[in-house]
Asker: 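The structure's right below; bear with me while I get my questions together.
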Amino acid sequence: MGSYFVNEVTVIDVKPSASGDGLVDLTVTLWCENALPGAERPWELVRAGRLNHTGMWHELAPEDRHAWLSVTLWSREYQRRGKPDAPSGQVFTLDGRHVVDRDTFYCAIGEAINGPGGYVGWNLDALDDCLRGGWGATTPFTLLWDFSGEARTRLAERVHVGDRELVLFDLLLEIFEERGVSVILR
């Protein structure tokens with residue numbers, strides 16, 4: 001279903017187990033950088049096989065969107081294992097109606113390329129890495145970005161890149177171009 005790397009385990013309590021002689025019940029706390037608050041619901045959807053239609057992230061509160069992306073990352077590694085990327089030349093459609101910030105962009109692009117619960121990055125570096133292959137699509141491909149004007153308005157934050165400052169929307173277009181993705185804004 002998925003996994004996290006756990007950095008630290010602290011034993012809180014040890015007591016004899018009711019399950020049998022020689023067994024103990026442990027109570028522990030785990031520290032994991034990537035296990036985010038708000039991830040319980042999407043993990044339950046993955047576990048139950050109910051992460052099966054697009055747009056399930058649309059109604060998430062802003063603080064839960066990043067947790068959604070963490071689950072799509074850690075669950076997709078297992079779901080994609082051994083599966084080839086879509087061949088080059090494919091056309092994917094990104095629905096920009098619900099793109100209101102960075103996290104919703106990553107939810108939308110992941111879903112456009114990999115379907116419900118899909119992952120294609122959760123930050124700029126991860127997006128760039130995913131577009132190099134192994135995460136659902138082989139470049140070159142075409143991305144039809146529907147409702148791109150609305151998304152452009154909402155992705156207007158300024159981002160420092162080296163000695164330049166770009167609007168996030170323009171930086172995303174630049175990353176796509178550098179990786180061989182032809183973007184058609186609609």
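Quick note: residue numbers are just sequence positions, from 1.
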Asker: Going by heavy atoms in the side chains, are P116 and N52 under 4.5 Å from each other?
Answerer: no

Asker: With no hydrogens and no angle check, is any side-chain donor or acceptor of D85 less than 3.5 Å from a backbone partner on G134?
Answerer: yes

Asker: Spell out, as yes or no, whether a donor-acceptor pair under 3.5 Å connects the side chain of D64 to the backbone of A39.
Answerer: no

Asker: Looking only at atom types and distance, does a side-chain atom of T138 sit under 3.5 Å from a main-chain N or O of A86, one as donor and one as acceptor?
Answerer: yes

Asker: Checking salt bridge (Lys or Arg N to Asp or Glu O under 4.0 Å) for the pair D146/R186: CA distance, chi angles, key distance, verdict?
Answerer: CA-CA 5 Å; D146 290 343; R186 308 192 299 183; 2.7 Å; yes

Asker: Report yes or no: do L166 and L185 belong to one cluster of Ile/Leu/Val/Met/Phe/Trp/Tyr joined by side chain heavy-atom distances under 4.5 Å?
Answerer: yes

Asker: Could you go through R41 and E44, starting from their C-alpha distance and side-chain angles, then the distance that decides it, and tell me whether this counts as salt bridge (Lys or Arg N to Asp or Glu O under 4.0 Å)?
Answerer: CA-CA 5 Å; R41 178 175 176 261; E44 179 56 27; over 6 Å; no

Asker: With distance as the sole test, does Y106 use its side chain to make a donor-acceptor pair with the main-chain N or O of L124 at under 3.5 Å?
Answerer: yes

Asker: Report the distance from atom OG of S148 to atom CD1 of I184, rounding to the nearest 0.5 Å.
Answerer: 11.0 Å

Asker: About how many Å separate CG of L172 and CG of D128, when rounded to the nearest 0.5 Å?
Answerer: 11.0 Å

Asker: Would you say the side-chain atoms of S88 pair up with the backbone N or O of T139, donor to acceptor, closer than 3.5 Å?
Answerer: no

Asker: Under a 4.0 Å N-O cut-off, is there an ion pair linking E174 with R179?
Answerer: no

Asker: Is it true that, when you exclude E59 itself, more than 12 heavy atoms of the residues, nucleotides or ligands shown sit nearer than 6.0 Å to its CD?
Answerer: no

Asker: Nearest 0.5 Å, what's the OG1-CG distance between T104 and L155?
Answerer: 6.5 Å

Asker: Relative to each other, are the rings of H98 and H58 parallel, tilted or perpendicular (30° and 60° limits)?
Answerer: parallel

Asker: Name the orientation class of the two ring planes belonging to W122 and H66 (parallel below 30°, tilted from 30 to 60°, perpendicular beyond 60°).
Answerer: parallel

Asker: Report yes or no: do V71 and L45 belong to one cluster of Ile/Leu/Val/Met/Phe/Trp/Tyr joined by side chain heavy-atom distances under 4.5 Å?
Answerer: yes

Asker: Measure the CZ-CZ distance between F105 and R154 for me, rounded to the nearest 0.5 Å.
Answerer: 14.5 Å

Asker: Taking E111 for its side chain and G55 for its backbone only, find out whether a donor-acceptor pair lies under 3.5 Å.
Answerer: yes

Asker: Cluster question for you: counting only ILVMFWY and a side-chain heavy-atom cut-off of under 4.5 Å, with indirect links fine, are L94 and V91 together?
Answerer: no

Asker: So how far is it from L69 CG to Y119 OH, rounded to the nearest 0.5 Å?
Answerer: 8.0 Å

Asker: Would you indicate whether E63, at its atom CD, is surrounded by more than 12 heavy atoms from other residues, nucleotides or ligands within a distance under 6.0 Å?
Answerer: yes

Asker: For L131 and V181, what are the C-alpha separation, side-chain angles and deciding distance, and is it a side-chain contact (heavy atoms from CB on, under 4.5 Å)?
Answerer: CA-CA 8 Å; L131 293 174; V181 178; 4.3 Å; yes

Asker: Using 0.5 Å steps for rounding, measure from the CG atom of L173 to the CZ atom of R152.
Answerer: 6.0 Å

Asker: side-chain contact (heavy atoms from CB on, under 4.5 Å), that's the test. Do R65 and D101 meet it? Break it down for me.
Answerer: CA-CA 10 Å; R65 295 175 189 146; D101 58 20; 2.7 Å; yes

Asker: If Ile, Leu, Val, Met, Phe, Trp and Tyr residues are connected whenever their side-chain heavy atoms lie under 4.5 Å apart, and connections chain through other members, are W57 and W43 in the same group?
Answerer: yes

